[in-house]
Amino acid sequence: MEEKKTEGQKLYEKLAFKSKNIWEHVSEEYKNEAFKFCEGYKNFLDEAKTEREFAEKTRLLAEEKGFVSLDEIIKSNTKLKAGMKVYRISKNKTAILSVIGKRQVSYGVKIVGAHIDSPRLDLKPTPLYEDTDMALLKTHYYGGIKKYQWVAIPLALHGVIVKGDGSIINVKIGEDENDPVFTITDILPHLAADQMQKKMSEGITGEGLNVLFGSIPYCDEKVKEKVKTNILNILNQKYGIIEEDFISAELEVVPAFKARDVGIDMSMVGAYGQDDRVCAYTALMAILEAENPDKTAICILTDKEEIGSVGNTGAESTLLENFVADLCALSTDNYNEMLLRNCLRNSKMLSADVNAAVDPNYESVFDKKNATYIGKGIALQKYTGVRGKVGGSDANAEFVGEIRQLFNKHGIIWQTGELGKVDQGGGGTIAQYVANLGVEVIDCGVPVLSMHSPFEVTSKIDIYNTYKAYKVFYEE
Ligand code: MN
Ligand code: MN
């Protein structure tokens, strides 16, 4: 027999805030939908391991769904009308999609923004060298990595090479099961006495992240670097390139393995690059399905977040501002800058980025009362930053209240938390750069285990829940 609740128990239930484990609060049907949604997600991850690949996949999906290039619309001198769907890919590395709303743009737009770059190893401008009858590639890591996680795993090579004549070669080696893979070797434990005495940050060095690339020499006694010569010959035959072409290339070394289900209950996804493709994918799916929104909906997928949102493909650039200016200009016959400023001032954004989930193996770095957990839904993060919120974005209480109300109204299960304990570390997102434009911004996304590692883990129920959250934001 169920015991009767005391007054105090009832009062506590009514007044205290408690986050929920979604699995316990949704139907079997919802769970099945989540599993199905994540099949599409895993396939997308396998095909879009770099920002360029993500941008290109986005373009294809957008066109399939009836989105038209904004630059084509500008050329054809047509005006935008409610319900129209437009997109712009910039520098082949960023994507912005928009569905034009019923209201005038001066009422503001609704933005969901994520980044599509991930930590990785980039090849140096002159990467190829020979040592000990082996060919290797020198790298310079990109973003925050724990270097020891990148040795002794299968690696793939993705990117572009711009040849001397300006033609472009797309490279993707290590993804097909018949492809070779690459790897960075580590020393055997038997001879690691010195290495094991070092601090973890020094056990593997940046200059030690050299990728094993080949080992057959070119058979000619007169040639000095025989293995390097043979590799250059293979590359020349396969791609028509010479060594100088590496200088105008962007070649990224990424884990070669595919996205997998994690757990005997298949409840999680393990894959490379889920920071932040888990939010980018969910945001993308939400905008692809947006139909006739009240306010204009925008999804922006940026590059370079992992190195500070810099450059003309990062969130600090004028990418978003220019796109919104174009929307404003194409919606009226007498555009002036105040229309853009008013639009931005009245706009709202969900900065869609991941948060660190509490890890039972490393509980001590979290304030468990202010942390996010896998399985408990989209993580609202009022502010980011390090050592006293420095360098982060801090959402206004009024806007946090608005989003909380929105999610509660639509049955979106959410949680809130900071990235780790005070003074333990911290991080930033693209939120601050968009907030600078006058837009109301809050960070919210999927909690991740093993964040920034070659194999990050997320919960399928959070992924689906986050997609639903971005959808209601556009639709409301
Ligand atoms: Mn991120
Ligand atoms: Mn990151």
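Counting starts at 1 for both ligands and their atoms, in listed order. Just so it is clear, the values below take in all heavy atoms, side chains as well, and ignore hydrogens, waters and symmetry mates. Since the model is a prediction, treat every value here as computed from it, not as a measurement.
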I need the protein N, O or S atoms closer than 2.8 Å to the Mn ion (ligand 1), given as residue plus atom name. His115 NE2, Asp275 OD1, Asp353 OD1, Asp353 OD2

Are the ring centres of Tyr467 and Phe37 closer than 6.0 Å? yes

Please determine whether a side-chain nitrogen of the Lys or Arg among Glu250 and Lys93 lies less than 4.0 Å from a carboxylate oxygen of the Asp or Glu. yes

When the aromatic ring centroids of Phe54 and Phe44 are compared, is their separation below 6.0 Å? yes

Under 4.0 Å between a side-chain nitrogen and a carboxylate oxygen: does that hold for Asp294 and Lys110? no

Between Thr429 and Asp443, does a side-chain hydrogen bond (donor to acceptor under 3.5 Å, both in side chains) hold up when you go through it step by step? CA-CA 8 Å; Thr429 65; Asp443 281 299; 2.7 Å; yes

Option from Tyr30, Phe35, Trp23 for which ring pair (Phe, Tyr, Trp, His ring centres under 6.0 Å) with Tyr464 holds: Tyr30

